[in-house]
Amino acid sequence: MSKQITVTTPLLPDLDDFSEMLKEVWASRWITNNGQFHQRLESALCEYLKVPYISLFTNGTLPLLTALQALRISGEVITTPYSFVATTHSIWWNGIKPVFVDIDPTNCGMDPDCIEAAITPRTTAIMPVHCYGKPCDIIRIQQIADKYGLKVIYDAAHAFGVEVNGKSILEYGDLSTLSFHATKVFTTIEGGAMIMHDKATKERIDYLKNFGFESETEVIAPGINSKMDEVRAVYGLLNLRQVDAAIEARHKVAIKYRSALKNVKGIRYFNDMPGVKHNYSYFPIFVNADEYGMTRDELYDTMRENGVFGRRYFYPLISTFSTYRGLPSASPDNLPNATRVANEVICLPMHHQLSDNDVNRILSLIVR
Ligand SMILES: *Cc1c(COP(=O)(O)O)cnc(C)c1O
């Protein structure tokens, strides 16, 4: 039996470099609470991502929760069912009603044409996702938000390093969040961040992620604990040195996939978008069973039987989970594109260590 090929593999720093830097942490006896490596990682990320301010978090879910708190969002938030559950959970945990709208199948992001019809007097914000790191229709979403006085919080968990016309995707909306989970392009094992546009907001967010402490004796708001520690900050600093090479290796895999899948009837995939710097965080394919002659699940199972582990991101839709399925906006009639795409998608293995052999083996199961 040939070796198993998993959908991803974590970006691991060199162990000697890691232990070398950890010696400094040990020597300092400062292992959490905005230590020197935490501060260094924040500045290094600002530079790498071309953003003015960033706050590190302990994962990618808590910045979503905290963003909604910081902007004092209430009532209803318009969001997408085609995402990882954390997106909708963050809305629910704030006592806010999620309102699902359909996606545009050409980028799997929120369809701007569906937003206005979902706005009610209780709507206060829009929470879209740059799914697979592909930019949402950022211009039209902002136009709608401005027209109705709504905030925009982007779940940019997939969009590390993505740029549109030389500008970071993270500059759009009121706030954006990142995840540095082990499965993501850039990782600190568990980790995440929030990106904001001004210093006052960063200060407020930094208080909120540390229980609301403004000083030793003053608590200014009901905060949470979501601080990143020094060990993971070191892990992140070292990974930042190799993330460009990892993205380039992913890009090469994407090129191979595309050239082999170009003439396969019934398989759709994404090409690069003009003006966009992509991060190749995922490689979704969409199986049209009638044209391909096999259903998505038949192909998915065939791959698994042959040791190739794709993932059906995002199936099932968040709107089908028990907590959410009773919401009027969760009805499949309201979400025809998301429902179809969820039934067609397989994310092929995509990471920096896939060899030509691996890619050929994967493709041999798809190109028949
Ligand atoms: C990974 C992910 C998250 C959550 O990130 P964690 O770091 O695992 O908490 C949120 N949203 C999306 C779209 C994700 O893919």
Side-chain angles (χ1 to χ4, degrees), residues 5-11 60-61 80-87 103-110 128-136 154-164 169-170 176-187 192 239 243-262 264 267-273 276-287 296 299-300 303-304 308-318 337-338 340-354 358-359 362-363 365-366:
I5 303 179
T6 52
V7 74
T8 189
T9 198
L11 192 59
T61 301
T80 168
Y82 194 78
S83 181
F84 183 61
V85 281
T87 313
I103 59 165
D104 172 354
T106 65
N107 64 2
C108 290
M110 192 180 275
V129 177
H130 299 300
C131 194
Y132 311 126
K134 299 193 80 66
C136 290
Y154 280 109
D155 180 343
H158 300 176
F160 184 89
V162 172
E163 294 176 13
V164 181
I169 190 78
L170 305 168
S176 292
T177 66
L178 288 169
S179 165
F180 303 151
H181 184 253
T183 55
K184 307 300 207 264
V185 170
F186 171 80
T187 173
N239 266 349
V243 72
D244 280 334
I247 291 171
E248 192 39 43
R250 288 166 173 269
H251 185 190
K252 290 201 172 111
V253 173
I255 290 170
K256 279 184 212 135
Y257 278 150
R258 284 176 189 153
S259 80
L261 295 173
K262 202 167 45 205
V264 180
I267 299 282
R268 181 171 77 91
Y269 58 86
F270 291 132
N271 284 308
D272 285 355
M273 293 160 69
V276 175
K277 182 178 167 202
H278 291 280
N279 66 3
Y280 308 99
S281 45
Y282 298 87
F283 196 92
I285 61 168
F286 305 94
V287 183
R296 183 274 309 270
L299 177 58
Y300 177 74
M303 287 166 57
R304 286 177 74 93
V308 174
F309 293 83
R311 289 296 293 266
R312 289 168 291 185
Y313 297 140
F314 286 100
Y315 164 86
L317 293 177
I318 303 174
N337 288 325
R340 193 187 70 248
V341 169
N343 286 321
E344 291 183 346
V345 71
I346 306 178
C347 283
L348 300 185
M350 173 52 93
H351 58 76
H352 59 291
Q353 285 183 332
L354 283 174
D358 294 335
V359 174
I362 296 160
L363 284 167
L365 298 168
I366 305 170

Short question: side chain of Thr61, backbone of Ala86 - any donor-acceptor pair under 3.5 Å? no
About how many Å separate NZ of Lys184 and OH of Tyr282, when rounded to the nearest 0.5 Å? 4.5 Å
Shortest non-hydrogen separation from Pro128 to Cys136 and the atoms involved: CB-SG, 3.9 Å
Measuring from Ile169:CD1 to Lys134:NZ, what's the distance to the nearest 0.5 Å? 11.0 Å
Just by distance, do the side chain of Ser281 and the backbone of Tyr132 share a donor-acceptor pair under 3.5 Å? yes
If you look at every heavy atom in Cys347 and Val7, which pair is closest and at what distance? O-CG2, 3.7 Å
So, Arg296 side chain and Val345 main chain: donor-acceptor pair closer than 3.5 Å or not? yes
Non-neighbouring partners of Lys256 that pass salt bridge (Lys or Arg N to Asp or Glu O under 4.0 Å), sequence neighbours left out: Asp356
Gap separating the OG atom of Ser83 from the CD1 atom of Ile103, nearest 0.5 angstrom: 10.5 Å
Heavy-atom nearest pair, Phe314 first then Cys131, reads CE1-SG, 3.9 Å
A side-chain contact here means heavy atoms from C-beta on lying under 4.5 Å apart; do Ile366 and Ile346 qualify? no
side-chain contact (heavy atoms from CB on, under 4.5 Å) with Asp104: which residues, sequence neighbours excluded? Thr106, Asn107, Asp111
Is there a donor-acceptor contact under 3.5 Å from the side chain of His278 to the main chain of Met273? yes
How long is the straight-line distance from OG1 of Thr6 back to NE2 of His351, given to the nearest 0.5 Å? 4.5 Å
Determine, stepwise, if the pair Phe180 / Asn239 fulfils side chain to side chain contact (heavy atoms under 4.5 Å, CB included). CA-CA 11 Å; Phe180 303 151; Asn239 266 349; over 6 Å; no
Which heavy atom of Leu11 sits nearest to which heavy atom of Thr187, and what is that distance? O-CG2, 3.5 Å
Determine whether the aromatic ring centres of residues Tyr280 and Phe270 are separated by less than 6.0 angstrom. no
Please walk me through it: do Ile285 and Val264 pass side chain to side chain contact (heavy atoms under 4.5 Å, CB included)? CA-CA 11 Å; Ile285 61 168; Val264 180; over 6 Å; no
Compare all side-chain heavy atoms of Val129 with those of Tyr82 and state whether any distance is below 4.5 angstrom. no
Test side chain to side chain contact (heavy atoms under 4.5 Å, CB included) applied to Leu363 and Leu261, step by step: CA-CA 8 Å; Leu363 284 167; Leu261 295 173; 4.0 Å; yes
Looking at every heavy atom in both Pro349 and Tyr257, which two are closest together, and how far apart are they? O-OH, 2.6 Å
Test your reading of the model: is there a side-chain donor-acceptor pair from Asn279 to the backbone of Gly161, 3.5 Å cut-off? no
Kindly compute the distance separating CD1 (Ile247) from NZ (Lys277), expressed to the nearest 0.5 Å. 6.5 Å
Where is the tightest heavy-atom contact between Val162 and Pro135, given as atom of each residue plus distance? CG1-CG, 4.2 Å
Rounded to the nearest 0.5 Å, what separation is found between the CG atom of Leu348 and the CZ atom of Phe283? 6.5 Å
Is there a side-chain contact between Phe309 and Arg304 (heavy atoms, below 4.5 Å)? yes
